[in-house]
Amino acid sequence: MLSILIPTYNYNITQLVNELHSQAIESHSDFEIIVMEDGSTLFFDENKIVNELEFCKYIILPKNIGRSAIRNKLADTAKYKYLLFIDCDAEVKDKHFIQRYLDFCKEDAVVIGGTAYDENENNPDFSLRLKYGREREAKNAEYRNKSSELSHFSTFNFLISKNIFNQIRFDETVKGYGHEDTLFGHGIAELGCNIHHIDNSLIHRGLDDNITFIAKTENGTKNLYLMYKSGKYPFLANQSKLLHTFIKIKRNHIHRILAFIFPAIKKHLIKKLCSKNPNLRLFDMYKLLYLCKISTEE
């Protein structure tokens, strides 16, 4: 019935898999858990214990094939009708996680469980990632269902029937970090499928420190811009608030002024963003300025 799929990169997934395995056994449903290492170099000795668990597979890919390709490969490897994708740096919150998803394994469905953050985690090294996650990502199901479905699609923790997945699949032409989930979410909307948001969140444990998160954000912003410039994804201009704002600024020829200013204030902005209580509007401005900058470097 259920294939639990975990793409992994340099992360110890033993605690996550043990908890998922225990819950799946207790559900008395047919299941499998597939862990696939995407060119990892760490935690092989720890993670290989997955092969010792009943109905589990541990697969090592010698080369990193990327965030989109590994999810497609996991889906192709899966034998059951329903696919539950979980990121490797997740932690299960309660004992009913698997059962809540099994309740939807009756017809074609797309179900988003949500993301949560540890209330007791307050390390200032992760202040930006924590604040962004808590204020922008950790929304309850009622909020997510009332607002735009696409804006809350995430590959961190979601269930999808294999029939729907195979009609969309992740776009493997998208390289680098960021926005493969944006395209996948749009594909779901194009099919006319509803996304069900439920309160079945996992705790996001693999936090990036502030500098790493800023660097990844830059990579994701650049990826978004390249996707937009390719002309293959015209819907991005309306779907992304960042891109929509940039296009208006560029239309008024202001983007070059902002691109010129950005290098002079970048260090100051980063210092503010790495503070104990960073301002997310400042973070939004940083992304916009960075986008203006890279748009003038072509």
Taking side chain as C-beta onward, heavy atoms only, is Lys272 less than 4.5 Å from Asn279? no

Side chains of Asp108 and Asn163, donor plus acceptor under 3.5 Å: yes

Are Phe165 and Phe153 connected into the same hydrophobic cluster when the rule is that any two of I, L, V, M, F, W, Y join if their side-chain heavy atoms are below 4.5 Å apart? yes

My understanding is that only one of Thr217, Asn210, Ile211 makes a side chain to side chain contact (heavy atoms under 4.5 Å, CB included) with Phe213; could you say which? Thr217

Phe97 vs Tyr101 aromatic rings, parallel, tilted or perpendicular, using cut-offs 30° and 60°? perpendicular

Using side-chain heavy atoms (C-beta onward) and a distance below 4.5 Å, is Leu288 in contact with Ile249? yes

Check whether any side-chain N or O of Ser230 sits under 3.5 Å from a backbone N or O of Met227 as a donor-acceptor pair, and report yes or no. yes

For a 4.5 angstrom cut-off between non-hydrogen side-chain atoms, does Lys57 reach Val35? no

Taking the ring of Tyr228 and the ring of Phe246, is the distance between their centroids below 6.0 Å? no

Can Lys139 be said to sit on top of Tyr143's aromatic six-ring, NZ or CZ under 6.0 Å from centre and within 45° of the ring axis? yes

Which value, rounded to the nearest 0.5 Å, describes the distance between Leu128 atom CG and Cys274 atom SG? 7.0 Å

Minimum heavy-atom distance Asn157-Asn200, with the two atoms named: ND2-O, 3.0 Å

Can you name the closest pair of heavy atoms from Phe156 and His204 and give their distance? CZ-CA, 3.7 Å

Flag for Lys93-Ser201: side-chain donor and acceptor within less than 3.5 Å: yes

Joining Ile, Leu, Val, Met, Phe, Trp and Tyr whenever any side-chain heavy atoms lie under 4.5 Å apart, the cluster holding Ile203 also takes in none

Measuring centre to centre across the rings, with the benzene-like ring taken for any Trp, is His21 within less than 6.0 Å of Phe31? yes

Between Asp171 and Thr173, do the side chains contain a donor N or O and an acceptor N or O under 3.5 Å apart? yes

Determine, stepwise, if the pair Gln23 / Glu19 fulfils side chain to side chain donor-acceptor pair (under 3.5 Å). CA-CA 6 Å; Gln23 289 193 25; Glu19 179 60 31; 2.9 Å; yes

Do other residues, nucleotides or ligands put more than 12 heavy atoms under 6.0 Å from Arg256 CZ? no

Honestly curious: do Leu159 and Phe55 fall in one hydrophobic cluster under the side-chain, below-4.5 Å linking rule? yes

I'd like to know if the side chain of Arg129 reaches the main chain of Gly206, judged simply by a donor and an acceptor atom lying under 3.5 Å from each other, with no hydrogens or angles considered. no

Does NZ or CZ of Lys287 come closer than 6.0 Å to the centre of the six-membered ring of Phe283, within 45° of the ring's axis? yes

Output for pair (Ser240 OG, Tyr233 OH), nearest 0.5 Å, gives 14.5 Å

Would you say Leu42 and Ile65 are hydrophobically clustered, going by side-chain heavy atoms of ILVMFWY under 4.5 Å? no

pair Val110-Phe104: side-chain heavy atoms closer than 4.5 Å: no

Looking at Asp209, is its backbone amide N or carbonyl O close enough to the side chain of Asp125 to form a donor-acceptor pair, meaning the two atoms are under 3.5 Å apart? no

Out of curiosity, Met285 CE to Arg281 CZ, how far, rounded to the nearest 0.5 Å? 12.5 Å

Does Leu130 sit in a hydrophobic cluster with other residues, and if so which ones, taking ILVMFWY side chains as linked at heavy-atom separations under 4.5 Å, directly or through other members? Tyr117, Phe126, Leu207

Cluster link Ile254 to Leu242, ILVMFWY, side chain under 4.5 Å: yes

Student check: side-chain heavy atoms of Leu74 and Pro7 closer than 4.5 Å: yes

Donor-acceptor check, side chain of Asp181 to backbone of Ser154, threshold 3.5 angstrom: yes or no? no

Shared ILVMFWY cluster between Val92 and Ile6, side chains joined below 4.5 angstrom? yes

